[in-house]
Amino acid sequence: MAGVDATLLKDLDRRGLINQATGDGELAQHLAESRTLYCGFDPTADSLHIGSLVPLLTLKRFQAAGHKPIALVGGATGLIGDPSFKAQERSLNAPEVVAGWVEKIKAQVSQFVDFDCGENSAMVVNNLDWTRELSVLDFLRDVGKYFSVNNMVNKESVKQRIQREGEGISFTEFSYMLLQSMDFSELYKRYGCTLQIGGSDQWGNITGGVDLTRRQHRGRVFGLTLPLVTKADGTKFGKTESGTIWLDAKRTSPYAFYQFWLNTADADVYKFLRYFTFIDVDEIDEIEAADREHSGKPEAQGILAREVTRLVHGEDGLAAAERISRALFSGDISELSAGDLEQLRLDGLPSSRLPQQFADNSLIHLLVEAGMAPSGKQVKDALGRNAVLVNGEAVGMDRNGDPQSVFSADKALAGRFFIVRLGKKKYHLFELAD
RNA sequence: GCAGGGGUUCCCGAGUGGCCAAAGGGAUCAGACUGUAAAUCUGACGCGCAAGCUUCGGUGGUUCGAAUCCACCCCCCUGCACCA
């Protein structure tokens with residue numbers, strides 16, 4: 001077996017990736033040998049979003065350091081719903097739906113770890129496999145007996161649900177912790193898994209598993225939590241005007257994904273480089289120092305966007321994202337050929353075909369229809385401020401009733417395309433109907 | 001089941017008969033400034049280009065007029081009781 005990288009924990013620490021760990025520093029010693037660790041991902045949608053990227057990449061870091069990662073997809077826990085730090089009880093998803101999501105998430109998670117590297121090849125498991133056949137009575141006797149309700153009620157993660165006026169917690173969600181604890185114990189028994197990692201909100205669930213494993217199997221296992229990703233301005237990480245940033249290219253195109261990282265605030269970008277890339281910490285420090293030297297636009301955002309887009313969408317996804325970005329933000333769009341425009345559409349630039357009778361509609365209607373703005377008022381506002389550009393030409397409110405002149409064939413790029421820009425960053429490609 | 005407290009526009013949260021499409025804050029969008037930043041300032045922010053239309057858990061009612069008052073219903077929370 002390949003040697004184990006003893007500096008792993010130190011590197012994680014330097015990256016700011018360690019929030020809490022069990023075992024009073026004995027974890028370092030434990031990790032001197034190749035170990036098996038796991039992290040769970042619950043299927044709450046058909047794709048993970050970038051909130052799961054930190055644990056996913058951390059699994060990869062452990063694997064790179066010589067440990068064996070298990071990605072657990074919560075086919076069972078996903079049916080229940082984790083109450084940890086959630087303000088409200090969640091509605092249950094249908095079993096068939098969750099089962100479908102499990103398959104999607106399995107595939108997604110698999111991109112990030114190596115399944116063919118000998119001893120420490122990764123595994124993907126589903127916790128439904130050991131809970132499906134479990135009877136309630138067995139569960140209550142073999143698992144429930146080890147948990148103290150007094151103790152559970154005092155967990156910080158459910159406190160607000162128990163104390164807060166106006167919200168409660170069902171027995172179902174309250175039991176979530178037992179299921180997750182069972183996972184750890186089960187993985188310990190089956191595969192000798194001795195470490196669970198997860199977000200900081202998982203601390204209670206993880207220590208539950210550590211305790212259960214000891215009680216059921218007298219096994220010594222560890223837990224490690226990663227920090228919650230926060231932004232300096234206090235707004236929620238991973239959301240933009242257009243919603244959540246997903247890992248699935250069908251939900252968030254590589255272009256949009258790349259743009260998300262490119263728009264990272266200066267105050268966050270170096271931290272994110274440490275969290276989300278494999279660039280050496282010393283090198284990140286150098287980038288930061290260099291950016292400080294130069295006034296003007298920092299390099300960090302570009303590096304971050306490239307690295308993360310490559311990790312998630314591969315070289316091709318990155319190339320597509322950069323191609324579109326270059327064309328829209330620095331190139332002259334009138335230079336684009338029909339082939340280029342076609343490519344931009346394939347690369348994920350939002351696009352649509354103008355309806356046959358588009359002249360009957362107002363410009364406002366057409367842009368709303370295309371999804372460029374949620375309401376006509378916003379388009380109107382933009383038109384009134386000269387914030388709408390069609391093929392580079394500003395279009396004002398006076399042209400609203402005359403889309404025919406705005407989208408006239410003789411002004412089209414390559415005879416049939418229009419690139420409409422609303423505001424600084426929202427682009428849409430329109431194509432004339434044949 | 002009983003008692004008490006609640007359900008307001010994306011979120012928080014004011015509003016208890018007209019001055020309410022509904023304070024304030026947050027989030028979001030657009031403009032200026034910039035670096036496709038941040039901070040700041042400005043405008044928008046139920047729907048509609050507009051005239052206008054539809055909202056304050058639901059349904060009826062009182063009233064010239066209701067988010068605000070009344071009745072019934074639904075849902076949530078807290079406590080008590082019942083099941084034990």
Side-chain angles (χ1 to χ4, degrees), chain A residues 86-91 160-170 173 230-245 255-273 288 290-306 309 321-333 349 358-389 392 394-403 406 419-428:
Chain A
K86 301 282 189 324
Q88 300 186 324
E89 179 85 11
R90 295 198 283 170
S91 49
Q160 61 164 330
R161 289 281 290 280
I162 289 171
Q163 297 181 340
R164 182 176 157 176
E165 187 85 10
E167 288 297 338
I169 182 167
S170 66
E173 283 196 12
T230 56
K231 293 204 292 178
D233 65 5
T235 58
K236 202 169 178 204
F237 170 75
K239 298 273 184 191
T240 66
E241 58 278 10
S242 38
T244 304
I245 304 296
Y255 160 69
F257 187 85
Y258 176 87
Q259 285 288 325
F260 168 80
W261 295 103
L262 197 61
N263 280 295
T264 302
D266 293 3
D268 296 318
V269 72
Y270 305 100
K271 176 167 88 173
F272 287 3
L273 279 171
E288 183 168 4
D291 277 343
R292 232 193 331 259
E293 291 290 305
H294 302 278
S295 52
K297 195 176 178 178
E299 294 294 320
Q301 280 86 347
I303 297 170
L304 178 67
R306 274 195 297 283
T309 306
E322 290 194 298
R323 195 157 51 228
I324 300 182
S325 299
R326 217 177 303 119
L328 297 181
F329 290 98
S330 53
D332 179 353
I333 56 173
L349 179 67
F358 74 87
D360 298 344
N361 289 308
S362 64
L363 189 56
I364 289 176
H365 181 82
L366 289 170
L367 299 198
V368 170
E369 194 82 328
M372 293 194 75
S375 82
K377 277 235 172 67
Q378 289 190 8
V379 180
K380 186 191 168 196
D381 182 53
L383 283 171
R385 291 161 176 269
N386 276 322
V388 176
L389 271 65
V395 174
M397 191 57 201
D398 55 315
R399 308 277 293 282
N400 179 40
D402 188 19
V406 176
I419 288 182
V420 177
R421 186 178 113 177
L422 192 160
K424 273 187 200 124
K425 299 175 193 170
K426 280 186 282 196
Y427 287 92
H428 193 91

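The model shown is predicted, which means the values in this text are computed figures rather than measured ones. Letters A, B, ... are given to chains in the order of the sequence lines, protein chains preceding strands, and every chain is numbered from 1.
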Exercise. With sequence neighbours excluded, what pairs up with A:D291 under the side chain to side chain donor-acceptor pair (under 3.5 Å) test?
Worked result: A:Y270
Problem set entry | Base paired to B:G46 (Watson-Crick or G-U; both N/O distances under 3.5 angstrom) | B:C53
Seminar exercise, completed: side chain to side chain donor-acceptor pair (under 3.5 Å) filter on A:K271, not counting sequence neighbours, yields A:T230
Exercise. Between atom CG in A:L422 and atom P in B:U36, what is the gap in whole Å?
Worked result: 18 Å
For this session: Calculate the interatomic distance between A:K425 atom NZ and B:G35 atom P; express it in whole Å.
Result: 14 Å
Seminar exercise, completed: B:A32 -> Watson-Crick or G-U wobble partner, both distances under 3.5 Å, gives B:U40
For this session: Examine distances only and state if a side-chain atom of A:R421 and a backbone atom of A:G423 form a donor-acceptor pair shorter than 3.5 Å.
Result: yes
Exercise. Excluding sequence neighbours, so at least two apart, what forms side chain to side chain donor-acceptor pair (under 3.5 Å) with A:R399?
Worked result: A:S405
Problem set entry | Whole-Å gap separating P (B:U36) and CD1 (A:I324) | 18 Å
Exercise. Distance between the C1' atoms of B:A23 and B:C45, in whole angstroms?
Worked result: 15 Å
Exercise. Taking any strand in view, what nucleotide pairs with B:A71 in a Watson-Crick or G-U wobble way, both distances under 3.5 Å?
Worked result: B:U59
Exercise. For atom P, what is the distance between B:G46 and B:C64, given to the nearest Å?
Worked result: 32 Å
Exercise. Taking atom P in both B:U42 and B:G25, what distance in whole Å separates the two?
Worked result: 12 Å
Exercise. Given that A:R421 and A:T264 both sit by RNA chain B, which one's nearest nucleotide is further toward the 5' end?
Worked result: A:R421
Exercise. Using a cut-off of 4.0 Å between protein heavy atoms and nucleotide atoms, how would you tag nucleotides 38-56 of chain B 5' to 3' with B, S and -?
Worked result: -----B-S-BBSS------
Could you run down the sub-3.5 Å N/O contacts of the protein with nucleotides 32-34 of chain B?
{"residue": "B:C33", "atom": "N4", "partner": "A:K424", "partner atom": "NZ", "Å": "3.1"}
{"residue": "B:U34", "atom": "O4", "partner": "A:K424", "partner atom": "NZ", "Å": "3.0"}

Exercise. Considering every strand shown, what is the Watson-Crick or G-U wobble mate of B:A21 when both distances are under 3.5 Å?
Worked result: none
Exercise. If you measure from the C1' atom in B:G57 to the same atom in B:C75, how many Å do you get, rounded?
Worked result: 7 Å
Exercise. Which residue pairs satisfy the side-chain hydrogen bond (donor to acceptor under 3.5 Å, both in side chains) criterion with at least one member in residues 370-382 of chain A, sequence neighbours excluded?
Worked result: A:D381-A:R385
For this session: Could you tell me which residues satisfy side chain to side chain donor-acceptor pair (under 3.5 Å) with A:R323, sequence neighbours excluded, listed by chain and number?
Result: A:D347
Problem set entry | Under 3.5 Å: donor-acceptor pair, side chain of A:Y255, backbone of A:I324 | no
Exercise. With rounding to whole Å, what would you report as the distance between B:U9 and B:A67 at their C1' atoms?
Worked result: 11 Å
Problem set entry | B:A3: pairing nucleotide in any strand, Watson-Crick or G-U under 3.5 angstrom | B:U78
For this session: Could you check A:A387 against A:Q259 and say which one's nearest nucleotide on RNA chain B is further toward the 5' end?
Result: A:A387
Problem set entry | Test side chain to side chain contact (heavy atoms under 4.5 Å, CB included) applied to A:D268 - qualifying residues, sequence neighbours left out | A:K231, A:A232, A:T264, A:A265, A:F272
For this session: Using the P atom on both, measure B:U28 against B:G15 and round to a whole Å.
Result: 27 Å
Problem set entry | Nearest-Å distance once atom C1' is located in both B:G58 and B:C10 | 23 Å
Problem set entry | Euclidean distance for P, B:C69 against B:U78 (whole angstrom) | 26 Å
Exercise. A:N386: what forms a side chain to side chain contact (heavy atoms under 4.5 Å, CB included) with it, not counting sequence neighbours?
Worked result: A:A394
